[in-house]
Amino acid sequence: MSEYETIIVEQQGRVGWITLNRPEALNALNGQVSEEVAAAASAFDTDDSVGAIVVTGSEKAFAAGADIKEMESKTGAEMLDTDHFGAWTRFAAVKTPVIAAVSGYALGGGCELAMMCDIILAADTATFGQPEINLGVVPGMGGTQRLIRAVGYYKAAELILSGRLIKADEAERIGLVSRVVPAADLLPEATSLAETIASKSLPSLYAAKATLDAAMETTLEAGLDVEKRQFAALFDTADQKEGMAAFREKRPPHFQHR
Ligand code: CO8
């Protein structure tokens, strides 16, 4: 898949990998990166042979933020006109579960990209933060909204207003990160988790993600309604019949992802 210049895209088994690859800029997210990440994720998302996506960076940086040098001279109108937001909206909307495997810096847009994923696994070397306030701006890729939903108003407010960076252990303690592992184990752990997820029935993964998304975005009553409909719809899939038959027959299920 050599059409990409700023990312490396690979498929291993049922897992799609997107590796940010701008080492000279600590994987800063410029317009090209955002378009490529969104395109790669959308391509995996429409491919039934992919059941989980992992987004990762380098040992030193998951991503050190949006590209400050690209943004610096823009006007407000130009920023609004720039379609980077559209690419990230497309990325955040993929139906397939996405794991962020974070090593090193996940700052600003890097932290926001991790939060667009469903699960954040962190190396013990990871550093998270929303330092935009130091640049005279605020988070602009969802950080103000998703960080609050992840860690609560008061912790998010402290981090966003002060720009303080936090290490992986604090990120885990406040609920931003699901698990911290030794740096050397990050990719094996991400592989193992992604393979576990990708082995499940694809329609049930899509349904689980849609209901989780609903919980982030709507009221309890509306979210419960989404859950009820998603739950019921799965009873028209071959995999639900297979999953429940396998339970009854005391054998592992053989999902066909339909
Ligand atoms: N943008 C552009 N270039 C960057 C960025 C960045 N965010 N981060 C690092 N780089 C570049 C550096 O300029 C440097 O390049 P050069 O060698 O040409 O000078 C190279 O990467 C290596 O960086 P450093 O020499 O600074 O490496 P250090 O190890 O000394 O420091 C840090 C690492 C602490 C991560 C430091 O690079 C840093 O503070 N980076 C900026 C962090 C930051 O402020 N991030 C927030 C950016 S704003 C943002 O993300 C807004 C999101 C919303 C955007 C919505 C529009 C789409």
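Indexing begins at 1, ligand by ligand and atom by atom, following the structure's order.
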Mind checking salt bridge (Lys or Arg N to Asp or Glu O under 4.0 Å) for Lys167 and listing every partner two or more places apart, or none if nothing turns up? none
SB check Glu36 Arg22 (cutoff 4.0 Å): no
Sequence neighbours excluded, the answer for side chain to side chain donor-acceptor pair (under 3.5 Å) partners of Arg146 is none
Taking atom types as modelled, find out whether Thr191 and Gln12 have a side-chain donor-acceptor pair closer than 3.5 angstrom. no
Expected contact list for ligand 1 at under 4.0 angstrom, heavy-atom basis, is Glu24, Ala25, Leu26, Ala28, Lys60, Ala64, Gly65, Ala66, Asp67, Ile68, Lys69, Met71, Met79, His84, Phe85, Tyr105, Leu107, Gly108, Gly109, Glu112, Pro131, Glu132, Leu135, Gly140, Met141
Can you pull the salt bridge (charged side-chain N to carboxylate O under 4.0 Å, His left out) pairs that have at least one residue in residues 239-249, sequence neighbours excluded? Glu242-Arg251, Glu249-Arg251
Give the ring-plane orientation class for Phe91 versus Trp88, where under 30° counts as parallel, over 60° as perpendicular and anything between as tilted. perpendicular
